[in-house]
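Quick notes on the structure that follows.
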Amino acid sequence: MTTIDGTTQLLGIIGDPVAHSLSPVMHNAALQSLGQNYVYLPFPVLSQHLPSALAGLAAIGVQGLNVTIPHKQAVIPHLIAIDSAAKAIGAVNTLYRRDPSGGWIGSNTDWQGFLAPLLTLPIPWDQQTATILGAGGAARAVIQACWHLGVGQVQVVGRSPEGLLALQQQWPALLIRTWGELEACLPHTHLLVNTTPIGMLGKSPNDSPLSLPQLGMLPGGSIVYDLIYTPRPTLLLDQAMRVGLMAIDGLEMLVQQGSIALSSWLGSTVPVEVMRQVVLERLLTP
Ligand code: NAP
């Protein structure tokens, strides 16, 4: 255990709520393994306190922050700069400062975290079609990642026409679909990504955005990627594996987005395996 002393540096996560977050356990395990004199703390921040919390955390010298729901978009007007990916996505999940007296700079590591497991697969992405379920903040990171990967066709299935049109304005090549059009999309989908909370523990763990027969409409060899990591597997991924499809859950995305953020704060490589193991252990603990 790192001894906290007068030179200990601070990192943390702001959100509301933050008590459920796995980021503190993941980052503190990595910091201890590196022998770095840092601690990573959860900071519950109500929306109305966001500006004063950001100023206060900068004033006391916090080195870096993760940002979670509901602040990923609301934080942007309070930053001195954001990187190009965060700008395209329209959401920020990581904050850092270039100089100790300066303001916060925003970046987004969710899209790189999402990409990490896909980059290991030998797939001709330019010949593939990705279908993304849901049109919220995580969907924006997934869309950005799919373009970066060079996916041939990217389509989003959502329930709000205004939300879908806003996404198409941001990415004109994006195809937008209603849920009623989903079944027609499935036979041409090679990568299906669930970015809705359907199937998440605490919300609807017995639900899936697709029925078993609908999963059977995907071509053989398709990948089903669920951003949710509790329960493991989700019903969607359990059924995808039952019909012989490749299943990827959100755990690696969580670990990778965190490791990229920590590496940028420390300016060094970080022990990704330590981060992965501690998250897995925590998820297996009842
Ligand atoms: P969000 O901004 O609230 O977006 C959720 C989207 O799902 C919205 O488009 C919403 O539609 C849609 N949706 C919700 N319930 C639905 C339903 N019953 N039927 C159809 N559509 C529904 O949330 P988010 O930040 O994008 O997060 C989404 C999920 O991704 C969460 O489960 C989160 O835990 C997960 N996530 C995982 C990671 C990771 O590292 N693994 C990172 C980020 C997020 P409306 O807009 O119409 O409400």
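In listed order, ligands and their atoms are each counted from 1. Everything numeric in this text was worked out from a predicted model, so none of it was measured.
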*Side-chain donor-acceptor pair under 3.5 Å between Thr3 and Asp5, yes or no?*
no
*How far does CD of Gln169 sit from CD1 of Ile176, to the nearest 0.5 angstrom?*
9.5 Å
*Would you say Ile69 and ligand 1 have an N/O pair spaced under 3.5 Å apart?*
no
*Atom indices of ligand 1, in the order listed, that fall short of 4.0 Å to a heavy atom of Met200*: 32 (O), 34 (O)
*Around atom 42 (C) of ligand 1, find the nearest protein heavy atom and jot down its residue, atom name and distance.*
Met253 CE, 3.6 Å
*Backbone N/O of Thr109 and side chain of Asn93: donor-acceptor pair under 3.5 Å*: yes
*Using protein heavy atoms only, decide if any is under 4.0 Å from atom 33 (C) of ligand 1.*
no
*Just say parallel, tilted or perpendicular for the rings of His27 and Tyr40, cut-offs at 30° and 60°.*
parallel
*For Glu273 and Gln277, does a side-chain donor sit closer than 3.5 Å to a side-chain acceptor?*
yes
*Can an N or O of Ile198 be found at a distance shorter than 3.5 Å from an N or O of ligand 1?*
no
*Does Gly158 reach ligand 1, in the sense of a heavy atom lying below 4.0 Å from it?*
no
*asked:* Show the atoms of ligand 1 that are less than 4.0 angstrom away from any heavy atom in Gly136.
replied: 2 (O), 4 (O), 6 (C), 8 (C), 9 (O), 26 (O)
*Can you list the ligand 1 atoms lying under 4.0 Å from a non-hydrogen atom of Gly250?*
39 (C), 41 (N)
*Under-4.0 Å heavy-atom contact between protein and atom 46 (O) of ligand 1*: no
_Test item: Thr189 side-chain N/O and Cys185 main-chain N/O as donor-acceptor pair under 3.5 Å_ = yes
*asked:* If you take the nearest heavy atom of each of Asp207, Leu164, Thr195, Leu227, which one is closest to atom 29 (C) of ligand 1?
replied: Thr195
_Subset of ligand 1 atoms that lie under 4.0 Å from at least one heavy atom of Leu254_ = 40 (O)
*Less than 4.0 Å between atom 18 (N) of ligand 1 and some protein heavy atom, yes or no?*
yes
*Less than 4.0 Å between a side-chain N and a carboxylate O, is that true for Lys87 and Asp83?*
no
_Check: Thr196 side chain, Ile198 main-chain N or O, donor-acceptor pair, under 3.5 Å_ = yes
*Which protein non-hydrogen atom lies closest to atom 14 (C) of ligand 1, naming both residue and atom, and how far is it?*
Pro197 CD, 3.2 Å
_Subset of ligand 1 atoms that lie under 4.0 Å from at least one heavy atom of Tyr229_ = 41 (N)
*Record the part of Leu133 in heavy-atom contact with ligand 1 below 4.0 Å; permitted values are side chain, backbone, both and neither.*
neither
*asked:* A quick test of your reading: do over 12 heavy atoms of other residues, nucleotides or ligands sit less than 6.0 Å from NE2 of His148?
replied: no
*asked:* Starting from Leu149, can I reach Leu192 by hopping between I/L/V/M/F/W/Y residues whose side chains sit under 4.5 Å apart?
replied: no
*Starting from atom 11 (O) of ligand 1, find the nearest protein heavy-atom neighbour and note its residue, name and distance.*
Arg159 NE, 3.4 Å
*Name the option, out of Thr196, Val142, Ile132, Val255, that contains the heavy atom nearest to atom 12 (C) of ligand 1.*
Thr196
*asked:* One thing to verify: whether Asp110 and Lys72 come together as a salt bridge, which I'm taking to mean a side-chain N less than 4.0 angstrom from a carboxylate O.
replied: yes
*Is Phe114 in contact with ligand 1, taking contact as a heavy-atom separation below 4.0 Å?*
no
*Can you find an N/O atom of Asp110 closer than 3.5 Å to an N/O atom of ligand 1?*
no
_Ala135, any N or O under 3.5 Å of ligand 1 N or O_ = yes
*Examine distances only and state if a side-chain atom of Gln32 and a backbone atom of Ala29 form a donor-acceptor pair shorter than 3.5 Å.*
no
*Are Glu183 and Gln214 linked by a side-chain donor-acceptor pair shorter than 3.5 Å?*
yes
*Check each heavy atom of Ile228 against ligand 1 and say whether those closer than 4.0 Å belong to the side chain, the backbone, both or neither.*
side chain
